[in-house]
Structures are given as structure tokens and as C-alpha cells.
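Worksheet for the structure shown next.
One-based numbering, in listed order, for ligands and for the atoms of each. None of the values given here were measured: they were computed from a predicted structure.
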Amino acid sequence: MTRKSPAPQVHIETFGCQMNESDSELVRSMLKREGFTFTEDRERADVVLVNTCAIRENAHNKIYARLSELKGLKKQRPLVVGVLGCMAQNLKDELTEKEPLVDVLAGPDAYRQLPLLLSTALASQEQGFSKKGFALDLSEYETYDGILPDRNSGVNAWVTVMRGCDNFCSFCVVPYTRGRERSRDPEAIRLEARDAAAGGFRQITLLGQNVNSYRYGEWDFARLICAVADTPGIDRVRFTSPHPKDFPPALIEAIAAHPKICKHIHLPLQAGSDRILDLMGRTYTGNEYLALVERIRRTLPDVVLTTDIICGFCSESDDDFQDTYRMVERVQFDSAYIFKYSERKNTIAARKYVDDVPDHVKGARVSKLVEIQRRITLERNLKYIGKDVEVLIEREATRSSTQGMGKTNGNVTVVWDKGTSLFEPGTLITKRIFDASAATLYGE
Ligand code: SAH
Ligand code: SF4
Ligand code: F3S
């Protein structure tokens, strides 16, 4: 069997967080430079790359389901399958021993090796044998400076400001899959911001597992975000995520002072019980979290606050859960991602504690929180009715091409009938809100 085209065609599919989205854009850039082309159509691809996530068991399950589909494809024709990202890093043995399907594995710090690994795998396949290649070294230095990402189209450009994580929250696999924390050179970051603006992007989202640990010489995150927000052509700058343990007043003030920095803070709470927070290794108490929220709201009264919460962590009692529930009532988040605790191999929690909350109890707790948060989100969204909001137009609404979709400064979704008015993704417009649901504001 011979290949149809001389330049190998690659299809890449990305799971997990924005960091993976951003990494896939880097991978595309590095591969294109070496003569690979890309296709949206998996059926036509010579190489299928799956950029994976390992954060919870269901993330794994989704990826295994995808791999088993690829098995079918690979029986019909020559195909090189590469697994990238956090699961590749974490499940090396499982993926190499149990999955003969996988030809190439590359972890988040090893993407510079991908062009060579893929070329070798393709060449060996053409000669009728299979040479597998694995690149799984984590690095203390790799920040991919010098490689401008090949971005997905849209209004938003991801810009990674730091890689890895040194926090070792006891439930979390990220420090093992992405290695040690390191900050990127601010000059490389500003260059990327200018490149994004030149490419027509209107919004930049700065990414890091804990942006407030950003340090580079004299630079901290507050200084960095202001410098990025000064990029000509950029209308909005967002960031994710800060850790509540170290949110400096200077960052709150920077957000307040700079008109282009969005008034939206995603501040993962994880739990409301001090005992559970301590077991999680989060290093703040419920009261400290509340005090931070108060400080933020004092300076930024209209801030949109969102969060992440885990239900059913090891030994979480009904009382502990009630603490979380009360905290959610008290803070009044604009929205929240709520997860069942999922034990991850090799984490501190997996080694030291017992995953002893039954699955149905985890599920019931998630449902309770989802329900109360839905109510709070709706109440908060209803307050927009009658007000004018500034919207960055993103695209046509998913449900109907006669409607436009965009986001407020606080990242709340707005939908409106396009009618005959100007509809140009990437522009800022003002919309008066006349109705709201828990998911959407409706503009006139
Ligand atoms: N660095 C980010 C979190 C990245 S992971 C931060 O600290 O803010 C995104 C979210 O996934 C976390 O905030 C947490 O709520 C959730 N998460 C992480 N590990 C998990 C696990 N083992 N089980 C369930 N949820 C988990
Ligand atoms: Fe995971 Fe904690 Fe690091 Fe976030 S800060 S990535 S939750 S270890
Ligand atoms: Fe992101 Fe999943 Fe890795 S959330 S950092 S892709 S484990």
C-alpha cells in the first residue's frame, strides 16, 4: 500500500484544558515547518494525533473510546497514531504495552521531537514494519520560545505564560504530567501578543496553572498582564487560573486600572471545609478565601467570579459538604464547574488517603451544588435585564445562524437576532439585555 500524497497529512484532536489547546497550536506550527500538512478530515489523514487529558477518569475513558475507533481505521489502511499530552506522560506503560495501536507517544515537554518521531514512524510503516517512538522527558526549561503557534481561527488567542505546576494539590495529576513550574520570558510573550494582534485576534487569554507564581527577573504577573494589555489592536485580555493562596493586591489593582483587562476572575475554591482544604493541600482556609473575595469585590464591584469545586474528596463528610454548600451560597459565584472527585494514580491523595466516599454520594453532592449554583447563576444573570453590555462578537450562535453570539467583558454569553445590523466577529458592540437564562443573556 502506498500513500496518496507526498506531504503527510496530519489530523489532530485535542482533549482537556486550554493549555492543551494552546499546545496543539504549537505542535501544528512545528510540524508545518517540517513539511507536514493538516486536515480536518480524519478519514484522509496519514497521521492522527490525539492530545490527551488525564485530570479525571472520564477524561481517560473518552480517549480510550477514541483510540478504539482508530483501531478500526488502522485495519483498513496505513496510519500512524500518536498520543500526546498529559495522559501520554502519565500512562506510558499502559499505552505502550496494552495499545499496540499507538506508534508515537510524546509528553508536553517533548513536542520538539515530534517531527522526527512521526517521520520515522511513517517511513518504517512504508517499509512494512512498525518502529515506535516515545519522547516523555519532562524538562525544567522547555518553554517553546521561538515557536509562534499556528492558531485556530476565532477572536481569542491563547498565550501560555508559564508551564508546569509546583503546587502538588493532593488530588491533582498535573504536577506529574506537566512537570516543574517555569515562567516564559516576557519578551517572548509580548512578541506572541503582537503576532496574535497582527493575525487579527482581538482577545488574548494568558494561561498558566497558577499565574500568580509567574516570575521572570523583575517581572511578576501583574506587570506582565498590563504589558500584554498594552498591545495595540488587542481589545480584551483574560487569564486563567490564579490560585487563591497568593492573589496579590497589585493584580487586583491592575485589573481595576487597565481598561483592557477583563473584570472576570476564575478562582478555584475546590472545597469549603477547612479540614478538606487542608487534606487537599490548598494552603488556605474558607475564611481566607472569603476575605480574598471581599478584597476583590471592594476594588472590582462588578467582577464576574467563577470557580471549580470538587465533591466527595477522601473522607468528606456530610458536614464538610455542608461547608462547601454554605460557601457557595455565601460567595454567590456567577458560575461554577463542579466535579466528582476522581482518584488519580501516584498523586498524594492516592498514596496517603482512601477514596472512601461512595460514588452515589459524590453524585448526589454534585447534583445539589449544581442545582443551587444554577439558581444563583440565573439570579445574577437576571440582573443584567435592562442594562447595556459591551459584547465582543465571536460567531453565529450554535442553535441558529440567524443569531449572533458573543461574550460580555465578564465572559457571560450573549445571543441576539442578527437582523440586518452589522455582524463582524471580532468587533465590540453594545447590546441591551431584555431576557436571561442560567446559560445566556438575550440582547435586543
Ligand atoms: N491549575 C488549575 C486547575 C487545573 S485542573 C487551578 O489550580 O486552578 C482544573 C480543575 O479540575 C481543578 O480546579 C479541579 O477542580 C479539577 N480537578 C483536578 N483534579 C481533579 C480530580 N482528581 N478529581 C476531580 N476534579 C479534579
Ligand atoms: Fe493541580 Fe493544584 Fe497545580 Fe492547579 S495548582 S494544577 S489544582 S496541583
Ligand atoms: Fe489540562 Fe487535562 Fe493536562 S486539564 S493540564 S490537559 S491533565
Examine distances only and state if a side-chain atom of Lys260 and a backbone atom of Ile234 form a donor-acceptor pair shorter than 3.5 Å.
yes

Lys74/Asp103 salt bridge by N-O under 4.0 Å criterion
yes

Partner residues of Asp166 under the salt bridge (charged side-chain N to carboxylate O under 4.0 Å, His left out) criterion, sequence neighbours left out
Arg180

Output the set of protein residues with a heavy-atom contact under 4.0 Å to ligand 2, ordered first by chain identifier and then by residue number.
Cys165, Asn167, Phe168, Cys169, Phe171, Cys172, Val174, Pro175, Gln209, His243, Arg282

Quick one: CG on Leu95 to OG1 on Thr52, what's the gap to the nearest 0.5 Å?
7.5 Å

Is the Lys NZ or Arg CZ of Arg56 less than 6.0 Å from the centre of Phe339's six-membered ring, within 45° of the axis?
yes

So CD of Gln209 and CE of Met162: to nearest 0.5 Å the spacing works out to 8.5 Å

To check you understand the geometry: which heavy-atom pair defines the closest contact between Arg297 and Val303, and what is its length?
CG-CG1, 4.1 Å

Enumerate, one pair per line, all nitrogen or oxygen atoms of ligand 1 lying under 3.5 Å from a protein nitrogen or oxygen, stating the separation to 0.1 Å; write 'none' if no such pair exists.
residue	atom	partner	partner atom	Å
ligand 1	1 (N)	Gln209	O	2.9
ligand 1	1 (N)	Gln209	OE1	2.7
ligand 1	11 (O)	Arg56	NH1	3.1
ligand 1	13 (O)	Gln270	NE2	2.8
ligand 1	13 (O)	Asp308	OD2	2.7
ligand 1	15 (O)	Gln270	OE1	2.7
ligand 1	17 (N)	Arg56	NH1	3.4
ligand 1	22 (N)	Phe171	O	3.0
ligand 1	22 (N)	Ser342	O	2.8
ligand 1	23 (N)	Ser342	N	3.0
ligand 1	25 (N)	Arg56	NH1	3.3

Cut-off under 2.8 Å, centre atom 3 (Fe) of ligand 3, protein N/O/S atoms
Cys86 SG

On the 0 to 90° scale, with breaks at 30° and 60°, tag the Tyr284-Tyr289 ring pair as parallel, tilted or perpendicular.
tilted

Take the angle between the ring planes of His266 and His264 and call it parallel below 30°, perpendicular above 60°, tilted in between.
perpendicular

Atom CZ of Arg275 and atom OG1 of Thr285: how far apart are they, to the nearest 0.5 Å?
15.5 Å

With heavy-atom distances below 4.0 Å as the criterion, list the atoms of ligand 3 near Gln209.
5 (S)

Where does the angle between the aromatic ring planes of Tyr111 and Tyr144 fall among parallel (under 30°), tilted (30 to 60°) and perpendicular (over 60°)?
parallel

Under 4.0 Å between a side-chain nitrogen and a carboxylate oxygen: does that hold for Lys362 and Asp355?
yes

Please confirm whether the backbone N or O of Thr408 pairs with a side-chain atom of Arg236, one donor and one acceptor, at under 3.5 Å?
yes

